[in-house]
Number of protein chains: 2
Amino acid sequence: MSLPHAILTALLEKPSSGLELTRRFDKSIGYFWSATHQQIYRELAKLEEGGLIRVLPAAQPTRGQKKEYEVLPAGRAELVSWVAKTDDPKPLRDPLAVRIRAAGVVGVQGLAAELRRHLALHQEQLAQYLAFEERDYPAERAADVPAEDRLRHLLLRGGIDSERFWIGWITEVLAEVEGMPEG
Amino acid sequence: MSLPHAILTALLEKPSSGLELTRRFDKSIGYFWSATHQQIYRELAKLEEGGLIRVLPAAQPTRGQKKEYEVLPAGRAELVSWVAKTDDPKPLRDPLAVRIRAAGVVGVQGLAAELRRHLALHQEQLAQYLAFEERDYPAERAADVPAEDRLRHLLLRGGIDSERFWIGWITEVLAEVEGMPEG
DNA sequence: TGGAGCATGTAATTAGTTACATGATTGG
DNA sequence: CCAATCATGTAACTAATTACATGCTCCA
């Protein structure tokens, strides 16, 4: 149940419309949580019904018109209490690994190409994250950076490290697979 | 759509009943794909209906009795063709990261404890994977190990590296969070 | 005035989770 | 014979994905 809380967090940083949220999820929040606009609209409706957010009173628009939401005190309280909750880490669930394992049993035809494709995608993603880091967190001095920014930087670091993990691992697998007969 | 293919792979290695598959998913295949027995039974029924697997003719049992499945030629063919398919890497989706980000906005009360708990869980998991590695792949010489085993070892290495990534990252975040006021 | 793009939404489907129900086997 | 355990399964629900529908705004 992270989506509603991700939305509350984003709205606290800045009141937004559904589509604006979708765009922000494609960027910074998207390092570690993705959502489509359909999911977001559905969730906004639920949060509003639950009294955790409201439409900015400025305009009560109709369909097709922009609709900005802000967080109500109950929404903030809910987020505070959620931060302190516990939740076990979800076990890994990686389709590429299933494919590799299957290849071990029925043969590796076609697998190398897919591994190279994933490798390129992860390298691209890594380059983008590194560019974000350079742009947004240039050589910071620990003491004078606000807590919020330091945590955001650490999340980006997490994205970077995770891409490096994938690149390292896929490279190893690819080296092995390239030495195997395709037939 | 990885679950049916994970099941086909497991059944090719060894014909099994639903519960046996569940146990095997808790072990080796579970490094990278988890499934509950309910999911597995549902999927077995679908695969049987689709003509990809069949109940071992030895016994056609009733409810409560063990029921072993094996893969039919059509099932193997399906798996071969699936191995060569492409599928984009799914974007990361990590609830703990959402929680950290939320904490940046509403305060870090309670977060350090949760980070420590996750750290301990990942360390435990890493220790277990390392023990598996020592037990199952002791100092292998590349040349004389069959391809299937080498790929299985690489999957375990992936699990190990991924746990190390989590441990490293959470440790960094924890150090930062411990320096922040809880109020 | 009509098409491109912005914006909000519905509907249908699939995948995964949680809770529960039931039968069979075995050991004390 | 009965409790524990093994084993298979149903039902209800939640989350996520995919495809589609509709309305508004602006500008060529």
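By convention in this document, chain letters (A, B, ...) are assigned in the order of the sequence lines, proteins followed by strands, and residues within each chain are numbered from 1. What you are looking at is a predicted structure, and each value in this text was computed from that prediction instead of being measured.
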(request) Take atom CG of A:D87 and atom C1' of C:dT17, then tell me their distance rounded to the nearest Å. (result) 13 Å

(message) Between B:R117 (side chain only) and A:T86 (backbone N and O only), is there a donor and an acceptor less than 3.5 Å apart?
(response) no

(request) Side chain of A:L19 only, please: which of C:dA7, D:dA7, C:dA15 is the nearest? (result) C:dA7

(message) Under 4.0 Å from OP1 or OP2 of D:dT17: is there any side-chain N or O of A:Q39 that close?
(response) yes

(request) Establish, for the pair A:R157 and B:W169, whether the NZ or CZ atom is under 6.0 angstrom from the six-membered ring centre and no further than 45 degrees off its axis. (result) no

(request) Let me know the distance between OH of A:Y69 and P of C:dA7, rounded to the nearest Å. (result) 14 Å

(message) Given C:dT17, C:dA15, C:dC20, identify the nucleotide with an atom nearest to the side chain of B:K46.
(response) C:dA15

(request) Return the nearest nucleotide to the side chain of B:T36; candidates are D:dT8, C:dT18, C:dC6. (result) C:dT18

(message) Whether the side chain of A:E114 engages the backbone of B:D87 through a donor-acceptor N/O pair (distance < 3.5 Å, no angle test) should be reported.
(response) yes

(message) Rounding to an integer number of Å, can you tell me how far A:L92 CG sits from C:dG16 P?
(response) 14 Å

(message) Tell me whether the side-chain N/O atoms of B:S17 come closer than 4.0 Å to OP1 or OP2 in D:dT8.
(response) yes

(message) Ring-plane angle category for B:H153 and B:Y137, please: parallel below 30°, perpendicular beyond 60°, tilted otherwise.
(response) parallel

(message) D:dG9, OP1 or OP2 - any side-chain N/O from B:K67 closer than 4.0 Å?
(response) yes

(request) In whole angstrom, give the distance that lies between atom CD of B:Q38 and atom P of C:dA21. (result) 14 Å

(request) Taking only the side-chain nitrogens and oxygens of A:R93, find out if one of them lies under 4.0 Å from OP1 or OP2 of C:dT17. (result) yes

(request) Name the residue closer to the 5' end of DNA chain D, choosing between A:L3 and A:H37 according to the nucleotide with the nearest heavy atom. (result) A:L3

(message) Rounded to whole Å, please give me the gap between CZ in B:R42 and C1' in D:dA12.
(response) 12 Å

(message) Any carboxylate oxygen within less than 4.0 angstrom of a Lys/Arg side-chain nitrogen, looking at B:E70 and B:R54?
(response) yes

(request) Nearest whole angstrom, please: distance from the C1' of D:dA15 to the CD1 of A:I40. (result) 14 Å

(message) I want to verify a distance call: between D:dA15, C:dA7, D:dT8, whose nearest atom is closest to the A:K66 side chain?
(response) C:dA7

(request) To the nearest Å, give me how far apart NZ (B:K90) and P (C:dG16) are. (result) 11 Å

(message) Rounded to whole Å, how long is the line connecting atom OH of A:Y41 with atom C1' of D:dT17?
(response) 17 Å

